[in-house]
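As structure tokens, the structure follows; a few thoughts come after it.
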Amino acid sequence: MAFNLLKQWCDEGVDVGNELLMMITDAEMPEMDGYKLTHEVRSDPRMRSLFVTLNTSLSGSFNEAMVEKVGCDRFISKFQPDLLVEVVQDRMREVL
């Protein structure tokens with residue numbers, strides 16, 4: 001669903017990387033997991049610049065390797081709200 005909307009915006013000429021500050025996704029989602037979503041975003045040249053943060057309850061070396069493999073900008077394990085806020089604030093400082 002999220003990827004289809006992003007793709008539709010791109011098809012309509014929207015520069016997603018400039019319109020959205022960031023995308024925060026979970027690894028475990030019903031239709032398309034966060035790894036696949038990030039891979040699809042990175043595979044589309046129109047979305048490659050979109051900042052992607054994976055926020056998930058999954059942890060461990062496998063998940064860290066997957067985050068790196070698919071090209072997430074940041075990885076945050078869940079239940080760290082202060083870190084999530086920090087990532088959003090850092091991104092805002094970068095862009096604004």
Side-chain angles (χ1 to χ4, degrees):
M1 178 84 173
F3 182 69
N4 290 336
L5 181 57
L6 290 172
K7 193 171 177 184
Q8 179 184 342
W9 286 349
C10 288
D11 291 343
E12 293 170 358
V14 175
D15 184 343
V16 175
N18 284 333
E19 291 295 319
L20 299 176
L21 177 66
M22 65 190 318
M23 177 174 70
I24 301 171
T25 185
D26 195 341
E28 300 176 297
M29 298 186 298
E31 292 179 29
M32 179 185 293
D33 69 36
Y35 302 118
K36 177 72 173 165
L37 174 59
T38 303
H39 172 76
E40 293 297 323
V41 165
R42 293 295 183 246
S43 296
D44 189 320
R46 303 171 300 174
M47 292 183 243
R48 224 173 253 150
S49 67
L50 182 60
F51 190 94
V52 179
T53 297
L54 191 76
N55 183 34
T56 183
S57 60
L58 301 175
S59 61
S61 58
F62 170 79
N63 292 301
E64 291 175 23
M66 285 298 293
V67 163
E68 188 172 324
K69 179 179 179 181
V70 299
C72 286
D73 295 290
R74 290 295 305 263
F75 172 79
I76 304 169
S77 59
K78 279 191 180 169
F79 314 117
Q80 296 188 63
D82 293 341
L83 183 55
L84 181 58
V85 168
E86 182 181 318
V87 169
V88 172
Q89 288 176 334
D90 287 348
R91 180 65 181 151
M92 289 176 70
R93 283 185 204 99
E94 268 181 41
V95 174
L96 304 175

What heavy-atom pair brings Gly71 and Thr38 nearest, and what distance separates the two atoms?
C-CG2, 4.0 Å
Shared hydrophobic cluster, Phe3 / Leu21 (ILVMFWY, side-chain heavy atoms < 4.5 Å)
no
Partner set under salt bridge (charged side-chain N to carboxylate O under 4.0 Å, His left out) for Glu12, not counting sequence neighbours
none
Residue list, side chain to side chain contact (heavy atoms under 4.5 Å, CB included) with Asn18, at least two apart or on another chain:
Asp15
Set of side chain to side chain donor-acceptor pair (under 3.5 Å) partners for Glu86, sequence neighbours left out
none
Taking side chain to side chain contact (heavy atoms under 4.5 Å, CB included) as the definition, give me every residue that meets it alongside Asp33, ordered by chain and number, with sequence neighbours left out.
Tyr35, Lys36
Partners passing side chain to side chain contact (heavy atoms under 4.5 Å, CB included) against Lys69 (at least two apart in sequence or in another chain)
Met66
Give me the one residue out of Leu83, Ile24, Val52, Val67 that meets side-chain contact (heavy atoms from CB on, under 4.5 Å) with Arg74.
Leu83
Got Val41 and Val16 here, is their nearest side-chain heavy-atom distance under 4.5 Å?
no
hydrophobic_cluster_shared for Leu84 and Met22, side chain cutoff 4.5 Å:
yes
Side chain to side chain donor-acceptor pair (under 3.5 Å) involving Thr53 - partner list, sequence neighbours excluded
none
Partners of Glu68 by side chain to side chain donor-acceptor pair (under 3.5 Å), sequence neighbours excluded?
none
Can you give me the closest heavy-atom contact between Gly34 and Leu54, atom names plus distance?
CA-CD1, 4.0 Å
Could you go through residues 44-51 and list every donor-acceptor pair under 3.5 Å that involves a side-chain atom there, pairing it with any protein atom two or more places apart or in another chain?
unit_1	atom_1	unit_2	atom_2	d
Asp44	OD1	Arg46	N	2.9
Asp44	OD1	Arg46	NE	3.1
Asp44	OD2	Arg46	NH2	2.9
Arg46	NH1	Asp11	OD1	2.6
Arg46	NH2	Asp11	OD1	3.4
Arg48	NE	Arg42	O	3.0

Is there a path from Ile76 to Val85 through hydrophobic residues (I, L, V, M, F, W, Y) whose side chains come within less than 4.5 Å of each other?
no
Say whether Leu20 and Leu96 are linked into one hydrophobic cluster, either directly or through other cluster members, by side-chain heavy-atom distances under 4.5 angstrom.
no
Can you run down the salt bridge (charged side-chain N to carboxylate O under 4.0 Å, His left out) pairs that involve residues 87-96, sequence neighbours left out, and say none if there aren't any?
Asp90-Arg93, Arg91-Glu94
Determine whether Met23 and Leu6 make a side-chain contact, defined as any pair of heavy atoms from C-beta on separated by less than 4.5 Å.
yes
List for me each residue that meets side chain to side chain contact (heavy atoms under 4.5 Å, CB included) alongside Glu19, sequence neighbours excluded, and say none if there are none.
Val14
